[in-house]
A.B. asks: 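The structure is given below, and queries will be raised subsequently.
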Amino acid sequence: MIAIEWIFATLRANPELSIFLALAVGYWVGAIKLGSFSLGTVTGTLLAGVLIGQIGIDISPQIKSIFFMMFLFAVGFGVGPQFVRGIRSDGFPQAIFAVLISLLCLFSVYIAAVVAGYGPGIAAGLLAGAHTISASIGLATDAINRLDVPAAEIKQQLDLIPVAYAITYLFGTVGTGWIIAFLGPKLLRVNMAAECQRYEKEMSAGAPEDGMQSAWHKYIIRAYQLTTPNLIAGKTVGEAEASAGERIFLENLRRNGSIMPFTQDTVLEVGDIVAVSGRHESLVEWSNRAVEVADEELLNIPVESVDVFITSKQADGISLIDLSKESIARGVYVTRIRRGSMGVDIPVYAQTKLNRGDIVTINGTKKHVDDIIEHFGFADRPTSVTDMVLVGAGIVLGGLIGAITVPVHGIPITLSTSGGALIAGLIVGWLRSFVPKIGSVPSATLWFMNSVGLNVFIAVVGITAGPTFIAGLKHVGPEIFFWGLFATAMPMILAPLIGKYIFRFDPVINLGCCGGARTSTASVAMLAEVAKSNAPMLGYTVPYAVSNTLLTLWGMFIVMLLA
């Protein structure tokens, strides 16, 4: 008992230790899986914080504000390219769909709060839990703190947020996945496995018989010695490359026993040994004009695998099959495409279109890989250095803009410094999608800002609310669970029907859009498992970017509506 009392006293005297304890327990509990379900790190950290907070620990509210702003900037930075693309390009219908579903999510919570008589605190928790958008808690907290009510009333409302969140989060997660993966196909009256097979076949139109990878890796390398004058010898490298009808590439050149550099204007000579890459059929034609030789050193051409961050406007919206026919893309092949802040894998089909901001993994000779990088983006090679000038200045400028208050009919309207950080992240993330030199935020740093930033905020919320959590649980009553069920289910049941009858989405894209519009990666993963295809991911990223921004802002709006 003495040891336990000493631990409790130490935690009270050093509240920073309680935050790290909540993180450790929260990440551990959140990772435990029961079948395919897990609480997730946010809920795990909240519950751990509530439990630790029972001993009464005072923590400065500035701590959660700092980490929450860092988190919101990272959110905006990650979704910026897809958010802007959805507004200004062929993703516009999906963006409008996401706006509509996000409004339905807000409307469902507002109905529940008005009918049940909930105040802004419970409503904010209901929004965060039923729609699993933990980030909204921060903006709701800012909005409640600005209410013109007694301090005791503000504290009571703030303490009710984690209570409502914890109760409604379970069905918010599981229910959304079940509705999209199992009820969604029934509402659309389709067999998702069959629809995905049909969609994959359509998206593979134009691909070679031996698969899309062949379209990018159908080139081999051989070494030839030039023996006949005025056939290949006597031509420039550029003329020789074009001589096979379909363009081939000279990768290396040996002259007088030494490997030498060359350009497109270099004139080939009798006796030269050249390393040539191209289609097998094209090299067969070359073999009739030169003598194939074994030259291990000449054929020792560097081959690499590189992640390319797509920034070029020319590559935006072009299909892989069209890109594979471009001379600049020959000699390389695509193995993976990641899109959006979650880095979800996009299927590599012939008709899959690249988007600015995609990270495309390509393999090929260094020469051709460098050409791709020069024309379409920059090499997203691993780095551990974060441009803190970009991050710090972005958050400050966004916070200053967000702090501006505009009175509307006597009501002070403001984004708050937190909302400003989110908008700043969106702008900076979008700018970097075509001006990468403005700064680098490595994926590891982005994960830290996203995950740890949010969970430190949630840990402080849980610890602070801990002493009054049980009383709050009695106050809200068990009916909050059923209102959470309503708030979760209503938008998700309507969403597939809206996508089908109003937006005319393909069924495969429709349900992917539904998951994205609810920012539920788990639900689309469940759908992919049921359909045995990840094709629905093609409809996920644009709605996710839009809804992730709007649902976060709704935390502030629900408080304004009910205040």
Side-chain angles (χ1 to χ4, degrees), residues 29-44 46-47 94 97-98 101-102 104-105 108-109 126-136 165-193 195-196 340-345 347 481-500 505 507-548 551:
V29 171
I32 297 174
K33 287 195 172 184
L34 300 175
S36 60
F37 172 75
S38 63
L39 279 177
T41 57
V42 175
T43 305
L46 175 66
L47 295 178
Q94 295 181 11
F97 174 80
I101 301 307
S102 296
L104 283 176
C105 291
S108 66
V109 173
L126 177 60
L127 173 74
H131 301 305
T132 59
I133 187 72
S134 312
S136 66
Y165 172 83
I167 296 173
T168 57
Y169 178 85
L170 181 62
F171 186 80
T173 302
V174 178
T176 299
W178 182 84
I179 291 171
I180 290 178
F182 297 99
L183 184 58
K186 295 184 183 300
L187 291 172
L188 298 178
R189 298 180 182 179
V190 296
N191 181 310
M192 277 306 295
E195 288 295 325
C196 284
S341 63
M342 302 296 290
V344 297
D345 283 291
F481 173 80
F482 296 100
W483 282 117
L485 190 152
F486 165 78
T488 297
M490 190 268 279
M492 285 298 95
I493 290 175
L494 292 177
L497 301 176
I498 292 171
K500 177 179 180 179
F505 290 146
V508 177
I509 299 299
N510 187 351
L511 293 179
C513 287
C514 292
R518 252 288 279 108
T519 65
S520 175
T521 308
S523 65
V524 184
M526 289 176 63
L527 177 64
E529 186 177 343
V530 170
K532 298 179 176 60
S533 170
N534 64 342
M537 280 296 180
L538 288 169
Y540 174 82
T541 55
V542 168
Y544 174 87
V546 175
S547 288
N548 198 36
L551 288 174

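Values below: all heavy atoms of this structure, side chains included; hydrogens, waters and symmetry mates excluded.
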A.B. asks: Please give me the minimum heavy-atom distance between Q94 and G539, naming the atom from each residue.
C.D. replies: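 Distance-wise, the nearest heavy atoms are OE1-O, 4.0 Å.
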
A.B. asks: Walk me through it: do Y540 and T521 pass the test side-chain contact (heavy atoms from CB on, under 4.5 Å)?
C.D. replies: CA-CA 8 Å; Y540 174 82; T521 308; 2.4 Å; yes

A.B. asks: With sequence neighbours excluded, what pairs up with V42 under the side-chain contact (heavy atoms from CB on, under 4.5 Å) test?
C.D. replies: S134, Y165, L454, N455, I458

A.B. asks: Who are the side-chain hydrogen bond (donor to acceptor under 3.5 Å, both in side chains) partners of T43, not counting sequence neighbours?
C.D. replies: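 Not a single residue meets the side-chain hydrogen bond (donor to acceptor under 3.5 Å, both in side chains) criterion with T43.
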
A.B. asks: Rounded to the nearest 0.5 Å, how far does CD1 of I509 lie from CD of E195?
C.D. replies: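 One gets 11.5 Å once the value is rounded to the nearest 0.5 Å.
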
A.B. asks: For residues A517 and F97, report the shortest heavy-atom separation together with the two atoms involved.
C.D. replies: CB-CE2, 4.1 Å

A.B. asks: Tabulate below the donor-acceptor pairs under 3.5 Å that side-chain atoms of residues 482-499 make, not counting sequence neighbours, or state none.
C.D. replies:
unit_1: T488; atom_1: OG1; unit_2: A130; atom_2: O; d: 2.7
unit_1: T488; atom_1: OG1; unit_2: G484; atom_2: O; d: 3.0

A.B. asks: Please name all residues satisfying side-chain contact (heavy atoms from CB on, under 4.5 Å) with T168, sequence neighbours left out, ordered by chain then number.
C.D. replies: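 Partners of T168 under the side-chain contact (heavy atoms from CB on, under 4.5 Å) test: L126, I480.
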
A.B. asks: To the nearest 0.5 angstrom, please state how far the CG atom of N510 sits from the NZ atom of K500.
C.D. replies: 9.0 Å

A.B. asks: Quick one: CG on L527 to SG on C196, what's the gap to the nearest 0.5 Å?
C.D. replies: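 Here the rounded value is 6.5 Å.
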
A.B. asks: Quick one: does S547's side chain get under 4.5 Å of I101's, heavy atoms only?
C.D. replies: no

A.B. asks: Please enumerate all residues that pass side-chain hydrogen bond (donor to acceptor under 3.5 Å, both in side chains) together with S136, with sequence neighbours excluded.
C.D. replies: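 Per chain and number, S136 pairs via side-chain hydrogen bond (donor to acceptor under 3.5 Å, both in side chains) with no residue.
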
A.B. asks: Please find the pair of heavy atoms, one from P536 and one from V524, that lie closest to each other, and give the distance.
C.D. replies: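 Closest approach of P536 to V524: CB-CG1, 4.3 Å.
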
A.B. asks: Quick one: does any side-chain atom of H131 pair with a main-chain N or O of C105 as donor and acceptor, under 3.5 Å?
C.D. replies: yes

A.B. asks: Would you list the atom pairs, donor with acceptor, under 3.5 Å between side chains in residues 174-191 and any protein atom, with sequence neighbours excluded?
C.D. replies:
unit_1: T176; atom_1: OG1; unit_2: G172; atom_2: O; d: 2.7
unit_1: T176; atom_1: OG1; unit_2: R518; atom_2: NH2; d: 2.6
unit_1: N191; atom_1: OD1; unit_2: A193; atom_2: N; d: 3.1
unit_1: N191; atom_1: OD1; unit_2: A194; atom_2: N; d: 3.0

A.B. asks: Nearest heavy-atom pair of S533 and A535: which atoms, and what distance?
C.D. replies: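 Scanning both residues, the minimum pair turns out to be OG-N, 3.1 Å.
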
A.B. asks: Using every non-hydrogen atom in the two residues, find where L46 and A166 come nearest and quote the distance to one decimal.
C.D. replies: CD2-CB, 4.2 Å

